Amino acid sequence: MAKLSMYQLYHYLPKTDCEKCGFSCMGFANRLISRDVRPEDCPFLLEPEYSESLTELNRLLGPEVEKEITGLIIDQEKCNGCGICVTVCEVNMEKSQEVGAGRGPGFSDEVVLRIDNGKIKLVDPQSCRRANPSSHICRACAELCPTKAISLV
Amino acid sequence: MKIKIEGGRLYDLRNNLDGEERDIFIEDGIIVEGFSSADRTIDASGKAIMAGGIDVHSHIATYGLNLIRGTNRFYSPSEIGHIYAKMGYTHVNEPFMTQVTANYVHHELSSIPILDTSAFLVLNLRDVEGKIKSAKHLEEVEKIIPIIIAGTKAIGLKIYEPFVKYAERKYILRNVTAKKVLSFFSGMSRESIPRIIMHTSPELFGEEIENPGGFHFSHVGSAIGNEEAYQKVLSYLNAGATIDLGLFDLEQNLRISNPKQTVGEVFGRVDMGLSEDIVFSKGKVSGSEAPFFAFKLALSQPSNHISFSTDSPANASFEAYPKIFSWLMKAENRANLFDKELPEFEYSLLDIARITRHNPAYILGLKNKGHLGAGAEADIAIYDINEETKPSELEARFKDCAYLIKSGSIVVEDHQMVNDQVEKKTYYRGVEPLDYEPAKIMTSYSTFRFENFIVDEVFTAEEVKI
Amino acid sequence: MSEILYESVVCPSCGCLCDDIDVVVEENRVKSIRNVCEWGISKFLFTKKFTPNVKRGRVEKPMIREKTLVETDYEAAISRAVDILKGSKKPLIYGLTNSGYNAQKIALSIARRLKGLFEPRGAALLSSYYAAMGDSNFYVAPLEEIRNNADLIIYWGCNPIHSTPRHLARYSVYPRGRCKERGSQDRVVFTVDVAENEMGKLSRRFLQVERGTDFLVMETMMKLLREENAEDYKGDIATIENMVRQMTKVSYGAIFFGMGLSAKDNAAKNIENLMALVKELNRKTRFVILPLYDDFNTSGVIQLLIRELKSPMPADFSGDHVAKNSKYSLLENLHEIDAALVVGDDPFWSLPSEKSDLLKKIPMVLIDPYWTRTTNKAQVVFPTAVTGIEAEGIAYRMDGLPLKLKKVLESEYPSDESILGDIYQRLQ
Ligand code: SF4
Ligand code: SF4
Ligand code: SF4
Ligand code: SF4
């Protein structure tokens with residue numbers, strides 16, 4: 001997944017240009033990218049028949065939301081679940097006994113990064129060192145990911 | 001099946017039988033007082049009967065050993081089972097199982113036919129290095145060890161290196177001296193951990209041991225190269241320690257040892273997480289005084305504190321036991337072994353039964369083994385040995401028992417292997433109640449999750465908790 | 001139906017056998033799964049490797065070949081399979097690296113009973129490895145100790161990112177070990193491969209070699225170690241020199257090698273030299289060497305062969321004695337074989353076509369959960385449960401330590417172990 005494109009998002013919109021959101025569908029897509037609006041701001045997307053589209057939009061936009069907090073851009077397509085980032089993240093290590101020795105975090109351990117369904121997931125962006133201005137700057141996961149699935153803004 | 005063994009002479013220390021003629025009755029795999037009609041009667045007149053042999057210390061499933069089978073340097077599991085059975089043995093204890101290799105060792109052991117098995121857990125002291133520095137953690141460690149023994153289905157605790165040593169200078173503060181380790185484990189209560197097995201090395205004899213009576217020293221023969229060490233072992237025995245002998249076969253060519261005690265050409269190394277690798281080598285012992293002192297010790301005073309062993313395959317392969325028994329039993333058999341004089345003492349059949357049955361059963365805590373009384377497991381070896389047996393024939397007779405009964409089933413009949421698919425058990429020391437939680441620190445440096453450390457029954461034979 | 005959580009499941013996909021997989025199952029389907037890599041998840045979702053959204057077609061019914069493959073019942077399929085095997089003079093039992101230990105054991109018994117041949121997949125390279133081990137030396141360690149101690153990791157002829165994705169994070173480079181507490185900062189990685197790949201990014205040195213000429217590199221390294229002249233090597237000598245310098249400086253090195261070393265039929269030569277190199281290195285420092293198995297239980301079948309036959313080589317029971325066909329794969333003599341029992345492998349995909357063409361001519365019994373290129377060439381096809389997901393089993397990790405495989409899903413299909421057991425029964 002390269003940069004999120006307007007067309008990619010447009011695909012999931014109702015394409016009726018009803019302007020209930022204040023824009024055309026295409027315009028809405030544009031503002032989704034810039035985070036001026038959220039998918040939920042389009043009333044049709046809240047209806048059951050669009051529920052899949054809504055989920056998909058949120059998925060596509062999800063990492064970008066994380067990006068705002070952490071500056072990490074995650075491209076799940078590239079990730080092969082090797083778990084290197086999970087192992088090297090020091091916050092993970094603090095939060096789970098398992099991680100330091102190379103084992104995956106336990107099921108109920110609350111970590112920052114974990115491999116979920118074969119792909120990397122930033123489950124708790126708030127705890128990432130990068131989200132916390134007072135701690136030193138960390139880029140371990142992005143630096144060591146062999147597939148470049150994690151990068152910095 | 002009900003089996004009656006008639007007319008044999010029994011050798012069994014526990015029941016005070018020194019060649020008395022008694023009949024033995026077997027029902028449902030157990031020796032019983034008697035019954036009226038037997039399904040099967042075995043005539044053992046003119047033969048010697050002992051409980052099945054128990055080997056306290058034989059490397060038959062140590063991690064790495066299987067790799068040397070490839071070039072015919074070591075026996076296959078089925079050969080191991082058959083050779084031991086023919087020698088009248090029914091139980092073998094593997095002395096080197098680490099926490100990491102527990103599944104492996106048990107799976108390997110369970111692939112050996114006929115024999116019951118058990119294993120000593122070699123603890124990696126680095127997992128508890130912080131705790132064994134001071135006696136105030138004694139209770140905590142005392143709690144953890146039985147759990148880890150139970151989880152790995154081990155029968156006892158063995159300390160292979162009584163110290164913690166890091167090669168890297170930066171970890172020097174983590175090192176723990178032998179003195180500290182020995183005094184820590186000396187303080188352990190016998191209830192939680194019955195008898196701690198010490199791997200014996202010359203270095204160990206250099207240390208002062210406060211309370212040697214609490215330990216079992218394994219294959220001491222490997223470590224006594226001089227009179228001083230010899231005297232030290234005697235003093236340990238006097239203090240109540242138990243030992244196994246670690247006798248030698250001077251022809252033995254394959255060894256498994258630590259790098260310092262290596263003889264000959266090294267052809268393999270396995271890193272088991274201790275400060276030194278386990279080393280496999282080829283070459284005969286020569287120039288060492290150890291074999292002489294080992295035999296001198298064996299011939300000094302057979303007692304309830306001494307078990308037979310050779311640290312197979314280090315000092316002698318288990319296949320050489322019959323030869324060594326014949327040396328112990330007759331001075332003329334061992335006349336050419338050394339230039340120096342050995343004590344005159346000659347083992348009786350009862351003494352042999354004592355060091356290969358009675359004492360090993362005690363060390364391993366196997367109450368229903370090693371004797372022929374009612375209630376014992378019906379593991380019985382019958383040898384073609386009596387007063388008329390010539391000294392030169394002893395070896396062949398011990399190598400080839402006339403009958404072997406294992407858990408009440410006939411394995412060897414009239415010197416022929418008739419059935420090797422008999423019931424086979426894994427003995428281990430359990431703990432009640434079994435709460436794994438405190439032991440989790442033992443796996444902080446493992447690649448396995450704790451759950452997968454606990455040896456599952458798929459890897460063992462039928463489990464018997466003692 | 002409610003959700004069931006299975007914790008610490010062992011992943012039955014590659015030789016890493018990661019044992020930290022947490023699986024949530026709902027209505028007998030994997031709903032979510034944690035810690036598993038992308039290769040492993042395709043196994044749990046029954047999809048193509050690395051493409052978790054493309055389902056693999058499963059064989060659904062036992063089939064036998066009339067003119068085409070037709071569905072039949074289990075009994076009929078067993079009878080047909082038994083007829084084929086009994087009627088054969090020299091059957092081949094092949095594959096088995098993706099089966100549990102007990103299934104492998106029964107398959108070996110079948111080969112013995114039929115006086116046939118038994119060959120695990122990938123035997124050419126492995127046999128060379130064990131032969132070299134027997135001749136010279138072995139230096140092994142459980143992965144625990146490599147992770148605890150190694151400060152140099154070398155991947156030779158393999159790309160762990162593809163074949164064993166979590167190897168780097170669990171066992172070698174990135175985890176913290178007892179004496180390597182800063183993880184990857186305490187270690188150096190070298191990679192030797194035919195083309196620069198992702199491993200280049202994380203390796204201190206990446207040595208590119210021409211396909212099948214690894215043995216020359218090893219020779220050169222040995223020369224350098226012995227301080228002999230190595231100038232005749234026509235390649236990246238500067239990198240090699242650099243690597244050798246570092247190799248002697250480290251305190252503990254670990255080499256993992258893979259299938260790349262069997263290229264151009266040079267497996268034996270490559271491995272012999274590699275083992276000799278390790279021996280040479282062990283004179284100066286501590287080095288261990290392990291194969292990187294990409295099938296989850298290759299190690300198990302090797303253990304089995306060593307236990308039962310004292311030799312890890314492919315076994316030929318056709319003579320009076322077990323012929324230990326050292327170093328060579330029995331597939332060299334494929335034209336002598338008149339039937340095959342293939343378990344959990346797809347020879348028409350994995351073998352070169354000269355070999356698989358020979359297989360086309362003989363009747364084949366196939367046990368595999370999925371439709372593959374081989375399915376249509378077989379006379380009898382058995383559907384089966386996937387070991388480690390739908391059936392229990394035992395598997396050996398690449399360092400030779402066994403783990404129990406759990407069952408997390410119910411399956412209507414029998415396990416390969418029970419199919420092989422039924423065949424074996426009927427051969428008596
Ligand atoms: S409200 Fe939704 S459907 Fe209507 S124009 Fe805006 S984006 Fe399109
Ligand atoms: S940036 Fe650092 S703290 Fe944040 S997820 Fe990556 S490794 Fe962890
Ligand atoms: S993000 Fe990168 S390092 Fe993390 S699991 Fe995916 S591929 Fe591996
Ligand atoms: S590395 Fe191998 S065993 Fe581990 S999760 Fe991935 S496929 Fe499974």
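Every chain is numbered from 1, with letters handed out A, B, ... down the list of sequences. What you are looking at is a predicted structure, and each value in this text was computed from that prediction instead of being measured.
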Tell me if a side-chain donor or acceptor on [X] pairs with a main-chain N or O of [Y] at a distance below 3.5 Å.
X	Y	answer
B/Arg255	B/Gln252	yes
C/Asn282	C/Phe287	yes
C/Ser109	C/Lys105	yes
C/Asp416	C/Thr387	no

At a heavy-atom separation under 4.5 Å, does [X] approach chain B through its side chain, its backbone, both, or neither?
X	result
C/Asn148	side chain
C/Asp399	both
C/Val140	both
C/Ile394	side chain
C/Arg178	both
C/Lys180	both

With chain C as the partner, which of B/Thr447, B/Thr101, B/Asp277 has the greatest number of non-hydrogen pairs under 4.5 Å?
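That would be B/Thr447.
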Pick from B/Tyr166, B/Phe450, B/Tyr63: which one has the most heavy-atom pairs with chain C under 4.5 Å?
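The candidate making the most pairs under 4.5 Å is B/Tyr63.
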Ring pair (Phe, Tyr, Trp, His ring centres under 6.0 Å) between B/His137 and B/Phe184, intermediate numbers included:
CA-CA 9 Å; B/His137 298 295; B/Phe184 185 86; 8.1 Å; no
How long is the straight-line distance from [atom2] of [Y] back to [atom1] of [X], given to the nearest 0.5 Å?
X	Y	atom1	atom2	result
B/Ile83	B/Ser317	CD1	OG	7.0 Å
B/Ser257	B/Ile278	OG	CD1	8.0 Å
B/Glu129	B/Leu173	CD	CG	11.0 Å

Residue-level contacts of [range] with chain C, using a heavy-atom cutoff under 4.5 Å:
range	value
residues 118-126 of chain B	B/Asn124, B/Arg126
residues 455-462 of chain B	B/Asp456, B/Val458, B/Phe459
residues 102-113 of chain B	B/Asn103, B/Tyr104, B/His107, B/Glu108, B/Ser111

Mind ranking [options] by heavy-atom pairs under 4.5 Å with chain B and telling me who comes out on top?
options	result
C/Pro142, C/Gly400, C/Pro175, C/Gly177	C/Pro142
C/Lys404, C/Arg307, C/Glu392	C/Arg307
C/Glu181, C/Glu308, C/Glu7	C/Glu181

What pairs with B/Phe280 under ring pair (Phe, Tyr, Trp, His ring centres under 6.0 Å), at least two apart in sequence or on another chain?
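Once residues adjacent in sequence are excluded, the partners of B/Phe280 under the ring pair (Phe, Tyr, Trp, His ring centres under 6.0 Å) criterion are C/Phe138.
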Once you measure the plane-to-plane angle for C/Tyr396 and C/Tyr101, does it fall in the parallel (<30°), tilted (30-60°) or perpendicular (>60°) bin?
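Aromatic pair C/Tyr396/C/Tyr101 classed tilted.
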Answer with yes or no after comparing the ring centroid distance for C/Phe118 and C/Phe317 against a 6.0 Å cut-off, counting only values under it.
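Aromatic pair excluded; centres sit 6.0 Å or further apart.
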Looking at B/His91 versus B/Tyr84, is the centre-to-centre ring distance below 6.0 Å?
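Aromatic pair excluded; centres sit 6.0 Å or further apart.
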Please look at B/Phe448 and chain C and tell me whether the side chain, the backbone, both or neither of the residue comes under 4.5 angstrom of a heavy atom of that chain.
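Answer is both: backbone and side chain atoms of B/Phe448 are under 4.5 Å from chain C.
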One thing to verify: whether C/Glu144 and C/Arg397 come together as a salt bridge, which I'm taking to mean a side-chain N less than 4.0 angstrom from a carboxylate O.
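Judged by the 4.0 Å cut-off on N to carboxylate O distance, C/Arg397 and C/Glu144 do form a salt bridge.
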